[in-house]
Amino acid sequence: MACSSLCSLKFLVIFFLLSAIPIGYLISLELAKPTTHVYHYHSTGWLRECAKWDDLNRRFLVSFLGGGIGEIPVPEDEDHKVLQEVAVVKHVDLAGNASLGLVIDRPRNRLLVATADVKGNRYGALAAYDLSTWERVFLTQLSGPSDEKSFADDVAVDVEGNAYVTDCKASKIWKVGVDGKFLSIIRSPLFTEKEWYRNLVGLNGIVYHPDGFLIVIHTFSGNLFKIDLAKGEEVKLIKVVGGPLTFGDGLELLSPTKIVVAGNPSARLVESSDGWETASVVGTFSGPKHRLATAATVKDGKVYLNHMVGLGYPKKTHTLVEAVFSA
């Protein structure tokens with residue numbers, strides 16, 4: 001188990017969740033009227049790890065655990081019909097690897113995608129794609145068979161175009177330059193827990209804050225870290241009142257003082273009034289747990305949660321659920 005990747009763990013969670021739920025109850029969950037707005041979309045795949053809203057092109061972008069990227073156009077009228085996913089990226093040279101965390105690099109009109117070997121943890125990379133043509137701008141290998149086992153999971157981008165990719169297996173962060181050149185690795189003793197089982201899934205969701213630092217979550221410990229890029233990549237533990245944020249997965253910056261943590265429960269709203277030296281959980285949202293929330297995005301000021309599991313046959317129906325937080 002110590003060699004399991006995040007996705008392997010998620011597959012186990014999905015299996016036990018779905019196998020433990022009576023089929024009748026599962027159907028009732030699916031048929032229950034949502035308490036918030038939901039975008040449903042048809043897909044050819046069962047598992048979608050991450051979703052981000054591309055406001056300029058009125059579409060959601062989603063990553064395929066089987067490898068690749070899809071777009072989900074949203075019409076202006078938004079008449080609540082079921083939307084359709086269209087594959088836009090599928091490269092043969094990355095076959096067998098999962099596409100995971102996404103971030104839109106708007107100034108450079110590109111999408112950055114973390115890519116990893118789910119089964120063996122022997123390959124990790126960062127890919128960049130032009131948002132207009134979907135041509136690949138670069139592919140930077142982060143790890144290979146001769147390196148320690150790793151899992152490139154999520155990615156953030158700073159104002160200069162540098163990318164930061166989390167390794168949820170070895171709890172480190174790769175830094176890649178704007179031109180795709182590998183630059184360095186950020187490590188810290190704070191990233192490693194004393195108990196072995198709390199390191200099964202380590203550094204995961206990551207965001208860049210406009211004040212020049214990174215915020216990253218450690219999934220199994222629930223710890224939140226601040227990495228000050230202007231101070232030699234100094235790492236500090238953010239003390240979170242109402243934490244820890246155990247099983248936190250994807251992060252989304254809602255404002256300079258608020259972030260959304262997707263995971264179990266479906267999402268938590270975390271706020272800081274001192275530049276993320278400390279923070280507090282100020283709201284929670286509980287959505288369709290049987291679908292497993294993995295990432296968050298913001299559309300028109302509203303938070304939407306990506307859920308990994310699609311249901312239905314032959315078309316799989318996935319959901320992007322609006323998160324409305326309560327104290």
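Scope of the values below: all heavy atoms of this structure, side chains included, with no hydrogens, waters or symmetry mates.
Side chains of S132 and N109: a donor on one and an acceptor on the other come within 3.5 Å. Side-chain atoms of N306 and T294 form a donor-acceptor pair, as typed in the model, at a separation below 3.5 Å. Side-chain polar atoms of E322 and T36 form no donor-acceptor pair below 3.5 angstrom.
Remark: the backbone N or O of S266 is not paired with any side-chain donor or acceptor of H307 at under 3.5 angstrom. Of the possible donor and acceptor atoms, none in the side chain of S99 sits under 3.5 Å from a partner among the backbone N and O of T115. Here the side chain of D154 pairs no donor or acceptor atom with the backbone of G101 at under 3.5 angstrom. For the pair S280 (side chain) and V282 (backbone), a donor-acceptor distance under 3.5 Å is absent. Using modelled atom types, no side-chain atom of T297 and backbone atom of Y304 make a donor-acceptor pair closer than 3.5 Å. The closest donor-acceptor contact from the side chain of S43 to the backbone of E85 lies at 3.5 Å or more, if one exists at all. When atom types are taken as modelled, the side chain of H209 and the backbone of P256 share a donor-acceptor pair closer than 3.5 angstrom. The closest donor-acceptor contact from the side chain of R122 to the backbone of D147 lies under 3.5 Å. Formation of a donor-acceptor pair under 3.5 Å by the K316 side chain with backbone atoms of P314 is found in this model. Looking at R59, its side chain never comes within 3.5 Å of a backbone N or O of D55 through a donor-acceptor pair.
For Y129 and H91, the ring centers are positioned less than 6.0 Å apart.
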Quiz item: Can you check salt bridge (Lys or Arg N to Asp or Glu O under 4.0 Å) on D158 and K175, steps first, answer last?
Solution: CA-CA 11 Å; D158 66 21; K175 182 177 180 180; 5.5 Å; no

Exercise. Check step by step if side chain to side chain contact (heavy atoms under 4.5 Å, CB included) holds for V157 and Y208.
Key: CA-CA 6 Å; V157 62; Y208 174 77; over 6 Å; no

Self-check item: Working for side chain to side chain contact (heavy atoms under 4.5 Å, CB included), residues F151 and L100
Solution: CA-CA 10 Å; F151 196 97; L100 298 156; 3.3 Å; yes

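At a threshold of 4.5 Å between side-chain heavy atoms, the hydrophobic network of Ile, Leu, Val, Met, Phe, Trp and Tyr places I259 and L245 in one connected group. No continuous path of hydrophobic side-chain contacts links L203 to V201 [ILVMFWY only; heavy atoms under 4.5 Å]. Grouping the Ile, Leu, Val, Met, Phe, Trp and Tyr side chains by contacts below 4.5 angstrom, directly or via other members, places L142 apart from I186. Hydrophobic clustering (ILVMFWY, side-chain heavy atoms < 4.5 Å, transitive): L253 and V103 are in distinct clusters. One hydrophobic cluster holds both Y123 and V89 under the rule that ILVMFWY side chains link at heavy-atom gaps under 4.5 Å.
Salt-bridge annotation for K169 and D117: absent, with no side-chain N of the basic residue lying under 4.0 Å from a carboxylate O of the acidic one. Comment: E252 engages K52 in a salt bridge, judged by a side-chain N to carboxylate O separation of less than 4.0 angstrom. A salt bridge between D167 and K149 is absent, with no side-chain N of the basic residue lying under 4.0 Å from a carboxylate O of the acidic one.
The two residues V178 and F138 come nearest to each other via the heavy atoms O-CE2, 3.8 Å. Closest of all the heavy-atom pairs between A51 and A295 is N-CB, 4.2 Å. Residues S272 and A279 share a closest heavy-atom pair of CB-CB, 4.1 Å. Taking both residues in full, the closest heavy atoms of L251 and V207 are given as O-CG1, 3.6 Å, listed atom of the first, atom of the second, then distance. Listed here is the closest heavy atom pair of V281 and G243: CG2-N, 4.3 Å. A125 and L139 get closest at one heavy-atom pair: CB-CD1, 3.8 Å.
Considering F191, F247, Y197 as possible partners of F220, the one that fulfils the ring-ring contact (aromatic ring centres under 6.0 Å, His included) test is F247. Between F285 and the options V321, V260, L269, a side-chain contact (heavy atoms from CB on, under 4.5 Å) holds for only V321.
To the nearest 0.5 Å, atom CG of residue L224 and atom CD1 of residue I238 are 4.0 Å apart. Annotation: the span from I173 atom CD1 to I227 atom CD1 amounts to 3.5 Å, rounded to 0.5 Å.
Both the sub-6.0 Å distance and the 45° axial angle are satisfied by K299 relative to the ring of W53. Seen from the ring of F64, R48 counts as a face-on cation partner, given the 6.0 Å and 45° thresholds.
Counting heavy atoms from C-beta on, the side chains of H37 and K302 never come closer than 4.5 Å.
By the 6.0 Å contact criterion, CD on E135 is open, its count of non-hydrogen atoms from other residues, nucleotides or ligands being 12 or less.
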